[in-house]
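To keep things clear, I will list the structure first and then write my remarks on it.
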Amino acid sequence: MKKITIAFVAVLGLLLTGCSSHQSNKAKPTEAVKVVNQAQKAAKKLKSGNVVLVTKNTQNNKTNTGKITAKFHLKPMVVQAKLNNVSGLVKNYDYFIEGRTVYIHADNNWSKQVLPKNSPLITSVRRQMTASAAVRAMDYLKNDLKLQKTKTSDVLSYTEAGKLGSMVAKKIILAEANHSESTKNALQNVKITKFTYKYTLDNKTHLPQSTFIYMQYQDKKSKKSISEQIDGTYTNVNRVKVFKVPENIKNNAPSANQVNE
């Protein structure tokens, strides 16, 4: 089965991308829709924060786990992060992103690479850091989301692998693969068997606290299954002070070949 994954894109990227509106024939949960609108509006005001993103990919009874721990601010965009235990990549390394320049610390050395304009990698990392894509994904689900309230949080959730869940899951996979033709073709032979979405936000600021996506899909021909899961936790939202890449790293990191991501 051709592997389709919503885990890390290239060396850094991750989950979710833009979504368009979906109309449901079910009864509209007015209160849930109101919370969705508040979350989407608040996401546009997100400026900084700390993020922990954990991904799990399971196939053939083997689970690979990856973790990104990061802090960021926007305008200008600067990200400082640590990447751990990602299958197929350097197991552990630190990185900075400043504008279009990526500084990577691996094998006890720093190096830097300049990404092209409109890099999908930068777009993906920006979505990860801000959770804005997870908010935009609500557009598909907003009329079908369940709402649970606590003293400090609102929790929006959806669990069903029917027509809507399958459509959203495939949109997520396709978008993460930058709408490549190979992924489009592969998805024709994929059946979504499980899909779960959860978004938790502060009930006063409406800013994100956590996100959760789980999907399981099966190749229609081989019957082999893959499951993907991502947990995102967001803290100190809009409270991280502006920081820069340390001058000793900027001045001493040698330039690697420009990449095309």
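What you see below is based on every heavy atom in this structure, not just the backbone, and it leaves out hydrogens, waters and symmetry mates.
- Geometrically, Lys71 engages Phe243 in a cation-pi contact, judged by NZ or CZ lying under 6.0 Å from the ring centre and within 45° of the ring axis.
- The line from CD of Gln128 to CD1 of Ile230 is 7.0 Å long, rounded to the nearest 0.5 Å.
- With contacts defined as side-chain heavy-atom distances shorter than 4.5 Å, the pair Thr205/Val237 does not qualify.
- Checking Asp202, Leu53, Leu46 one by one against Tyr234, the side chain to side chain contact (heavy atoms under 4.5 Å, CB included) holds for a single residue, Leu53.
- Under the 3.5 Å distance criterion, the side-chain polar atoms of Asn238 are matched with a main-chain donor or acceptor of Lys47.
- With Gln218 contributing its side chain and Lys223 its backbone, the two residues share a donor-acceptor pair below 3.5 Å.
- Formation of a donor-acceptor pair under 3.5 Å by the Thr69 side chain with backbone atoms of Lys82 is not found in this model.
- With respect to the salt-bridge test (charged N to carboxylate O, under 4.0 angstrom), the residues Glu31 and Lys34 do not qualify.
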Evaluate side-chain contact (heavy atoms from CB on, under 4.5 Å) for Ile213 paired with Met215, printing each intermediate quantity in order.
CA-CA 7 Å; Ile213 294 286; Met215 65 177 73; 4.2 Å; yes
Between Phe72 and Val51, does the side-chain contact (heavy atoms from CB on, under 4.5 Å) criterion hold? Intermediate values first, please.
CA-CA 8 Å; Phe72 74 94; Val51 183; 3.8 Å; yes
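- When all heavy atoms of Lys112 and Ala253 are compared, the pair lying nearest together is CE-O, 3.3 Å.
- Rounding to the nearest 0.5 angstrom, the gap separating the NZ atom in Lys250 from the NZ atom in Lys244 is 7.5 Å.
- Cluster membership for Val78 and Met129, using ILVMFWY side-chain heavy atoms within less than 4.5 angstrom, is not shared.
- Criterion: ILVMFWY side-chain heavy atoms under 4.5 Å apart, direct or through other members. Under it, Leu164 and Ile173 are part of a common hydrophobic cluster.
- Each of Tyr95 and Ile249 belongs to its own hydrophobic cluster when Ile, Leu, Val, Met, Phe, Trp and Tyr are linked at side-chain heavy-atom distances under 4.5 angstrom.
- Residue Asn203 holds its CG atom at 9.5 Å from CD of Gln38, rounded to the nearest 0.5 Å.
- Atom CD of residue Gln216 and atom NZ of residue Lys194 lie 5.0 Å apart, to the nearest 0.5 angstrom.
- Alongside Phe212, the hydrophobic cluster contains Tyr214 (criterion: ILVMFWY side chains under 4.5 Å).
- Two residues are said to be in side-chain contact when any heavy atoms from C-beta on lie closer than 4.5 Å; Val155 and Lys198 meet this criterion.
- A distance of 11.5 Å separates OH in Tyr103 from CD1 in Ile97, rounded to the nearest 0.5 Å.
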Would you check, one step at a time, whether the test side-chain contact (heavy atoms from CB on, under 4.5 Å) holds for Asp144 with Glu160?
CA-CA 10 Å; Asp144 297 83; Glu160 187 179 340; over 6 Å; no
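- Inter-residue side-chain proximity for Tyr199 and Pro208 is flagged as met; some heavy-atom pair is nearer than 4.5 Å.
- Residue Lys220 qualifies as enclosed at atom NZ: its count of foreign heavy atoms under 6.0 Å is above 12.
- Taking each heavy atom of Lys221 and Asp219 in turn, the nearest pair found is N-OD1, 2.8 Å.
- In this structure, OG1 in Thr63 is found 8.0 Å from CG in Asn57, a value given to the nearest 0.5 Å.
- In this structure the side chain of Gln40 reaches within 4.5 angstrom of the side chain of Lys142, judged on heavy atoms.
- Val33 places a side-chain heavy atom less than 4.5 Å from the side chain of Asn143.
- Residues Pro254 and Trp110 approach most closely at CD-O, 3.1 Å, considering heavy atoms.
- Looking only at side-chain heavy atoms (C-beta outward), Leu201 and Leu156 come within less than 4.5 Å of each other.
- Under a cut-off of 6.0 angstrom, the local environment of NZ in Lys191 is sparse, with at most 12 non-hydrogen atoms contributed by other residues, nucleotides or ligands.
- Residues Val52 and Asn50 are not in side-chain contact: their nearest non-hydrogen atoms beyond the backbone lie 4.5 Å or more apart.
- Checking side-chain atoms of Lys224 against main-chain N and O of Gln59 turns up no donor-acceptor pair under 3.5 Å.
- A heavy-atom distance below 4.5 Å is not found between the side chains of Tyr197 and Val168.
- Only one option out of Lys204, Gln148, Gln209 pairs with Ser153 in a side-chain hydrogen bond (donor to acceptor under 3.5 Å, both in side chains); it is Gln209.
- Side-chain atoms of Arg100 come within 3.5 Å of backbone atoms of Leu115 as a donor-acceptor pair (strictly under, hydrogens ignored).
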Where do Lys171 and Met167 land on the side-chain contact (heavy atoms from CB on, under 4.5 Å) test, with the steps shown first?
CA-CA 6 Å; Lys171 289 289 186 180; Met167 182 270 290; 3.8 Å; yes
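- Both Leu141 and Ile192 are members of a single hydrophobic cluster when ILVMFWY side chains are connected at heavy-atom separations under 4.5 Å.
- Heavy atoms only, all atoms of each residue included: Leu207 and Ala42 are closest at CD2-O, 3.5 Å.
- The same ILVMFWY cluster, assembled from side-chain heavy atoms under 4.5 Å apart, contains both Tyr140 and Leu145.
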